[in-house]
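Let me begin by presenting the structure, written as structure tokens, before commenting on it.
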Amino acid sequence: MPTEKETILITAALPYINNVPHLGHIVGSHLPADIFYRFCRAKGHDVTFIGGSDEHGTPSVIAAQELGIPVKQLTDRLHAIHKNVYKKLNISYTNYSRTSKSIHHEVTKDFFKVIDAKGVYLHREELKMYFCQRDSLFLPDRFVIGTCPTCGYTSAYADQCETCSTVINPGELIDARCRICGEIPTYKLSPHLFLDLEKLSKKIDAWVESKKGIWNNHVYSIAKKWIDDGLKPRSITRDLTWGVSVPVPEFKNKVFYVWFDAPIGYITFTKELGNQYYERYWKNTKSKIFHFLGKDNIPFHTIFWPGMLIAHGGYSMPYKIVGFHYLNYEGKKFSKSKGVGVFCYNILNSDINIDTLRAYLTSVIPETKDSLFQWNEYRLHTNSEVIGKIGNFFNRTLNVIWNNFNGSLGIDAEQLTNNDELDRNLISSIKTTPEEIGKLLFKTEFRAAYQKMLDYAREGNVYLDRKEPWSLVKKGDLESAKKVLYITLNLAKSLAIVLSPIMPTGMQELWNNQLNFSGSLDTPEIWEKASKMDISKGHRIHKPKPLYEKIEIEKLEEIKKELTKPYNLNDLVKE
RNA sequence: CGCGGGGUGGAGCAGUUCGGCAGCUCGCCUGGCUCAUAACCAGGAGGUCGCCGGUUCAAAUCCGGCCCCCGCAACCA
């Protein structure tokens with residue numbers, strides 16, 4: 001039965017480019033989005049996967065300034081690193097772009113102009129801001145440092161003290177000075193544009209309400225709570241030069257707030273692929289847009305971004321906001337400043353197996369609460385689950401066929417007569433399990449789906465142990481042995497397909513070089529084949545060999561050392 | 001009393017809607033088996049279900065109070 005073909009756009013949260021990504025970023029959006037994308041493609045949906053670097057905003061400007069380089073150089077360099085890291089991890093973006101591109105500036109301005117022309121959802125307000133006379137620049141709060149009125153920390157920001165976490169109100173900071181030049185800033189009025197979320201509140205609420213049961217509970221609750229607390233107008237402009245300039249004469253020296261321009265990137269990066277993509281996903285009420293992101297991003301994707309879309313009125317609304325919790329590292333938080341964690345820059349030069357890393361990470365995707373990355377768990381997972389259960393099943397099936405039947409069984413499903421209960425159970429499992437796994441994946445329940453894949457492999461192992469085809473061969477009962485192996489060979493084919501979204505490289509190698517099937521596991525609608533017993537009579541496999549290497553403790557130490565090596569941002573962006 | 005999510009053997013989770021012997025996978029120990037990169041089978045150790053109190057024949061589950069972790073708190077993104 002062919003499933004209904006859906007039109008699906010998948011996005012992973014745009015990583016903010018003031019540093020290199022760590023594993024928490026990978027597991028919290030890029031990886032699940034990629035698994036989902038690969039699954040949807042295999043299922044035959046019309047699907048596209050986009051993302052890109054979020055380059056604008058104060059933190060990049062400050063980071064660049066501290067390194068003494070132009071901000072463009074910083075983001076050029078970091079964008080390249082991000083792009084390479086995702087490629088290395090087999091994150092198969094259809095388009096991984098960046099917000100500094102001119103097309104994005106145009107799309108953002110157009111988006112703004114449509115809202116502006118309606119004259120309903122935007123208004124201006126004067127804000128009292130720090131202003132540096134020497135730089136003749138309004139200073140965002142993070143550009144102003146001074147002494148915290150609560151704890152006396154001398155490098156506190158104007159909005160919040162990093163040491164004692166106190167929120168500092170405008171004007172309270174002692175000895176305020178410009179972070180760029182050290183000058184004592186004045187305080188003066190600056191006009192800004194605001195998006196009136198209060199006015200949009202009812203519509204946002206109705207939309208959120210319609211997502212009950214589709215979104216995960218915590219995503220729905222967070223959105224609902226924000227609305228119940230009362231939405232307030234939010235400024236969408238900043239006194240910076242790095243960003244998308246505001247196409248209004250009065251605001252010509254300002255840029256859009258990064259949180260205004262960044263989500264519009266989802267539209268830009270689709271449009272970049274061609275107008276037909278843009279029309280199909282963003283101008284089509286039937287398209288389903290899935291946003292994958294970490295929990296810190298939930299309010300922005302459930303409130304602010306939909307508010308923008310409603311105010312604009314001309315685009316499809318997101319279908320599902322898939323929010324994840326955080327991954328911790330060996331019991332601590334990932335921290336770039338403290339050097340805790342795995343920094344993906346190191347992955348570029350590492351020979352760590354990407355499939356097994358992806359598999360372990362899938363098993364700890366923080367779907368319902370924060371979870372833990374632990375090196376030894378990675379080793380154990382690889383050795384006992386990926387190799388012991390999955391790899392071993394492939395290996396023993398293929399080896400027995402190779403060693404005793406010269407790689408070809410010479411039968412097909414027609415010859416499966418006189419099946420006993422064990423045979424019937426496994427055959428029935430092949431017919432139904434891929435669909436069950438698919439349902440879980442479509443519901444973005446990745447851990448449960450992966451667990452089912454492992455159980456599926458286990459079923460094959462148990463069947464082999466019960467049937468002992470190697471003993472049947474010894475006894476001379478070749479017909480029975482062939483039957484058993486024909487069923488397990490079909491299971492192997494099925495497993496390769498369902499596992500491919502998580503372990504794309506190894507499964508593809510198995511598919512072509514060992515199972516000896518042609519073509520790619522990316523082929524649309526290949527998922528249907530996973531529930532078929534359709535291997536032909538004359539099919540001949542190739543010589544089997546192990547797909548993955550076991551990780552010994554010494555090897556683990558080596559990988560760990562390599563991947564946790566501290567890096568110097570300065571060296572990465574200046575070379 | 002700011003809000004939300006979470007707290008169940010070492011790890012990841014299910015069970016809480018609607019109370020009924022605390023379960024699954026991995027790890028650890030013992031034994032069996034062996035085609036395979038040691039899978040599978042049998043057995044075992046390991047838990048105050050965050051804490052305190054209440055309701056009940058019976059509480060992980062219902063009620064009240066509290067603690068801890070994480071995120072958010074709108075000019076950090």
Side-chain angles (χ1 to χ4, degrees), chain A residues 13-18 54 56-60 62 127 129-130 138-144 157-160 162 167 170 192 197 216-226 228-229 231-235 237-239 257-259 262 294-300 303-304 323 325-326 328 333 360 363-374 376-377 379-381 383-389 391-401 403-404 447-448 450-451 454-455 457-458 460-466 468-474 481 485 544-550:
Chain A
L14 306 189
Y16 192 72
I17 294 289
N18 63 345
D54 174 11
H56 299 137
T58 317
S60 340
I62 290 175
L127 289 180
M129 306 268 310
Y130 286 101
F138 280 100
L139 301 170
D141 286 339
R142 295 273 151 148
F143 267 78
V144 179
Y157 295 124
D159 58 341
Q160 186 170 28
E162 282 201 322
V167 174
H192 281 277
L197 291 173
N216 292 346
N217 198 29
H218 68 279
V219 176
Y220 172 81
S221 306
I222 289 172
K224 208 59 191 163
K225 192 62 219 166
W226 273 60
D228 291 348
D229 282 354
L231 302 178
K232 290 173 194 154
R234 187 175 177 122
S235 76
T237 50
R238 293 289 183 275
D239 286 299
Y257 176 36
V258 283
W259 261 105
K295 61 182 166 183
D296 53 328
N297 257 324
I298 290 171
F300 291 92
I303 304 292
F304 190 58
H325 294 257
Y326 282 171
N328 291 316
K333 283 199 234 187
Y360 170 61
S363 78
V364 295
I365 289 176
E367 287 171 1
T368 55
K369 59 182 172 191
D370 291 355
S371 65
L372 219 47
F373 177 92
Q374 294 180 103
N376 200 44
E377 290 292 317
R379 184 179 74 86
L380 293 169
H381 184 89
N383 293 351
S384 94
E385 307 276 358
V386 177
I387 295 176
K389 279 211 177 109
N392 192 37
F393 169 72
F394 287 130
N395 236 17
R396 52 204 307 224
T397 295
L398 298 179
N399 268 309
V400 182
I401 298 175
N403 294 330
N404 300 294
R447 273 185 331 223
Y450 181 50
Q451 198 52 55
L454 290 167
D455 289 345
R458 162 192 285 268
N461 279 319
V462 171
Y463 178 77
L464 282 174
D465 282 302
R466 297 272 157 81
E468 302 189 30
W470 48 89
S471 305
L472 293 170
V473 169
K474 266 186 209 157
L485 292 167
K545 68 165 194 216
L547 286 172
Y548 304 112
E549 261 177 54
K550 282 210 160 192

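Order of the sequence lines fixes the chain letters, A, B, ..., with proteins taken first and strands second; residue numbering starts at 1 for each chain.
Among the atoms of the strands shown, only primed sugar atoms or phosphate atoms (P, OP1, OP2) are found under 4.0 Å from some heavy atom of A:Lys474. Residue contacts shown for A:Asn404 are absent, as no nucleic acid heavy atom lies under 4.0 Å away. Residue-level contact check: A:Phe300 touches the bases, meaning some heavy atom is under 4.0 Å from a base atom. Base engagement by A:Ile387 is indicated by at least one non-hydrogen atom pair under 4.0 Å involving a base atom. No engagement by A:Phe304 is indicated, since no non-hydrogen atom pair under 4.0 Å with the nucleic acid exists. Using a 4.0 Å heavy-atom cutoff across all strands shown, A:Pro546 reaches at least one base atom of the nucleic acid.
Listed candidates were B:rA74, B:rU37, B:rG71. Nearest to the side chain of A:Leu197 is B:rA74. Checking B:rU25, B:rG5, B:rA38 against the side-chain heavy atoms of A:Glu385 singles out B:rU25 as nearest. With distances taken from any side-chain atom of A:Asn399 to the nucleotides B:rA36, B:rA11, B:rG5, the minimum falls on B:rA36. The side chain of A:Val258 lies closest to B:rA77 when the candidates are B:rA77, B:rU25, B:rA36.
A donor and an acceptor atom, one from each side chain of A:Arg379 and A:Asn376, are located under 3.5 Å apart.
Phosphate contact (OP1/OP2 of B:rC13, side-chain N/O of A:Arg447, threshold under 4.0 Å): present. OP1 or OP2 of B:rC26 has at least one side-chain nitrogen or oxygen of A:Lys389 nearer than 4.0 Å. In terms of phosphate contacts, A:Thr397 brings no side-chain nitrogen or oxygen within less than 4.0 Å of OP1 or OP2 of B:rA36. Under 4.0 angstrom from either OP1 or OP2 of B:rA11 there lies no side-chain N or O belonging to A:Ser371.
In this structure, A:Tyr257 and A:Ser235 approach most closely via the heavy-atom pair CD2-O, 3.6 Å.
Inter-residue side-chain proximity for A:Arg238 and A:His56 is flagged as unmet; no heavy-atom pair is nearer than 4.5 Å. Using a 4.5 Å cut-off on side-chain heavy atoms (C-beta onward), A:Ser371 and A:Asn328 make no contact.
In this structure B:rC66 sits in a base pair with B:rG50, meeting the Watson-Crick or G-U test at under 3.5 Å. Using N1 to N3 plus N6-O4 or O6-N4 for Watson-Crick, or N1-O2 and O6-N3 for G-U wobble, each under 3.5 Å, B:rG27 pairs with nothing. With both pairing distances under 3.5 Å, B:rG20 is matched to B:rC57 as a Watson-Crick or G-U wobble pair. A 3.5 Å limit on both hydrogen-bonding distances identifies B:rG71 as the Watson-Crick or G-U partner of B:rC3.
Between A:Phe373 and A:Tyr360, the ring planes lie perpendicular to each other; the angle is over 60°, past the 30° to 60° tilted range.
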